[in-house]
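The chains referred to below are lettered A, B, ... by the order of the sequence lines, with proteins before strands, and numbering in each begins at 1. For clarity, every value in this text was computed on a predicted model and none was experimentally measured.
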Protein chains: 2
Amino acid sequence: MPPTTPDISPDGPPLTLAGLQIDVLEGAFSWYIRSLDFAVSNDLDRRMAHLDMAKGKGKITAVLLVDRYPGVRPSQIAEVLLRDRPATGRIIDALVTSGDLRRETDRGDLRAQSLFVTPKGQALANSVRRIIQEQEREFFDFIAPQDRAQFMRMLKRAYLNMRKKLE
Amino acid sequence: MPPTTPDISPDGPPLTLAGLQIDVLEGAFSWYIRSLDFAVSNDLDRRMAHLDMAKGKGKITAVLLVDRYPGVRPSQIAEVLLRDRPATGRIIDALVTSGDLRRETDRGDLRAQSLFVTPKGQALANSVRRIIQEQEREFFDFIAPQDRAQFMRMLKRAYLNMRKKLE
DNA sequence: CGTGTTTGGTTGTGTTTTGCAACTTTCAGG
DNA sequence: CCTGAAAGTTGCAAAACACAACCAAACACG
């Protein structure tokens, strides 16, 4: 395409893929976020391939949540994951089957369940955390420490804005 | 914030969902990005629900790309989308069927195709752009102009880092 | 030329994901 | 008790996606 196109974006050289200049096209954060998610997820899947925990978008968060909050209930996890209960239930099923989580009936509420990690799940959670940290280090290290906080803050705030709207 | 809990993150009050404090849990950008993507995509789907273009993750980008670069080839789109050719081909199929895109045989290379938007597709592209801009405005407006550039730069760079690794 | 390799696209298939609806059990309030 | 709401489960049907196999055109090059 003709290089006559002025570089509108004030953020470095225009991003070119397959000979197409992407930047201006979408002009939007959303495109970067969606693409970045795609890349992040794929990369995570690769790194976790050796763990038995089959490709799990939700599974990762679920294990970490249960590990950190022993006794959580599936419905709470569902809310964090932004999924419905059936979907969450199946995620948990898989984790129970693989021997990483354990279900108990919540005492005090026979309808609900309390979730706990097994020793195996505990180990898994640790692996996962380590892998995530490696990924962070590898791909986000270019962000200066003081900028990291701001970056995180922006992500968080946007996320909260969205959640509010979705409810 | 509760005085008992030291606020590790220098980025505002801890994020609590369903009574669980999420922040420290994942501690990572990746979690925010993945969640944010989920929210962004859902929100986009909603906003686009009235357009015939059935829920399309790839479709959105495809239409915009073709609109901006008349004559692009499916393989180029595939590369941008980070999908394989079959997947991309089907996306294009759908858009052709719905009358938004038009295929032509590339002159000069009989194997390849050149894609163009139809008038309908043109209108669709405009709608999509408008919707995306609204979404941006609604959810990312809190970012000060001078910070936007930096935010974008970080997203972009992380994205590029990832892509390099995926290839 | 002609032959082997690469590139662009299509078709077919099987798996995974996921959202919705319906159903069971339990709780909470009056 | 009775009713309505909440927690999970099951069933189902649709969508997305990755992989492999396949055809046709282009290119490289001896």
Separation of C:dT17 atom C1' from A:Leu82 atom CG, nearest Å, is 16 Å
Under the side chain to side chain donor-acceptor pair (under 3.5 Å) test, which residues partner B:Thr88, sequence neighbours left out? none
Residues in side-chain contact (heavy atoms from CB on, under 4.5 Å) with A:Pro86, at least two apart? A:Asp84, A:Arg90
Sub-3.5 Å donor-acceptor pair from the side chain of A:Asn161 to the main-chain atoms of B:Phe139, do we have one? yes
Could you pull out all residues at least two apart from B:Arg102 that satisfy side-chain contact (heavy atoms from CB on, under 4.5 Å)? B:Glu104, B:Phe116, B:Thr118
Describe the nucleic acid contact of A:Ala112 in one word from base, sugar-phosphate, nothing, applying a heavy-atom distance below 4.0 Å. sugar-phosphate
Is there a side-chain polar atom (N or O) of B:Ser75 under 4.0 Å from OP1 or OP2 of C:dT7? no
Could you write out each protein N or O paired with an N or O of nucleotides 10-12 of chain D at a distance under 3.5 Å?
from	atom 1	to	atom 2	distance (Å)
D:dG11	O6	A:Arg90	NH2	2.7

side-chain contact (heavy atoms from CB on, under 4.5 Å) against A:Asn126, all qualifying residues, sequence neighbours excluded: A:Gln122, A:Arg129
Could you give the CZ-to-C1' distance, from B:Arg83 to C:dG9, as a whole number of Å? 18 Å
At less than 4.0 Å, is any side-chain N or O atom of B:Arg103 found next to OP1 or OP2 of C:dT10? Yes or no. yes
Protein and nucleotides 22-26 of chain D: nitrogen or oxygen contacts under 3.5 angstrom:
from	atom 1	to	atom 2	distance (Å)
D:dA26	OP1	B:Leu110	N	2.8

Among all residues two or more places apart in sequence or in another chain, which pass the side chain to side chain donor-acceptor pair (under 3.5 Å) test with A:Arg148? A:Asp141
Rounded to whole Å, how long is the line connecting atom CZ of A:Arg73 with atom C1' of C:dC27? 11 Å
Sequence neighbours left out, what passes side-chain contact (heavy atoms from CB on, under 4.5 Å) with B:Ala123? Give chain and number order. none
Looking at residues at least two apart in the chain, or sitting in another chain, which of them share a salt bridge (Lys or Arg N to Asp or Glu O under 4.0 Å) with A:Arg85? none
Please report the distance, rounded to the nearest Å, between CZ in A:Phe38 and C1' in D:dA18. 10 Å
Kindly say whether B:Phe29 contributes a backbone atom to a donor-acceptor pair with the side chain of A:Glu136 at under 3.5 angstrom? yes
Do the side-chain N or O atoms of B:Gln113 get closer than 4.0 angstrom to the phosphate oxygens (OP1, OP2) of C:dT10? yes
What residues form a salt bridge (Lys or Arg N to Asp or Glu O under 4.0 Å) with B:Asp106, not counting sequence neighbours? B:Arg73
Measure the distance from CG on B:Asp37 to P on C:dT17 and round it to the nearest whole Å. 16 Å
Rounding to an integer number of Å, can you tell me how far A:Leu81 CG sits from C:dT18 C1'? 13 Å
Among all residues two or more places apart in sequence or in another chain, which pass the salt bridge (Lys or Arg N to Asp or Glu O under 4.0 Å) test with B:Arg130? none
Check each of A:Val63, A:Leu64, A:Leu65 against A:Thr61 using the side-chain contact (heavy atoms from CB on, under 4.5 Å) test, and report the only one that passes. A:Leu65
Angle between the end axes of the helix from C:dC1-D:dG30 to C:dG30-D:dC1, five pairs per end, to the nearest 10 degrees? 30°
Residue whose nearest DNA chain C nucleotide is more 5′ - A:Ile91 or B:Arg85: B:Arg85
If I take atom CG in residue B:Asp84 and atom P in nucleotide C:dG12, what distance separates them, rounded to the nearest angstrom? 16 Å
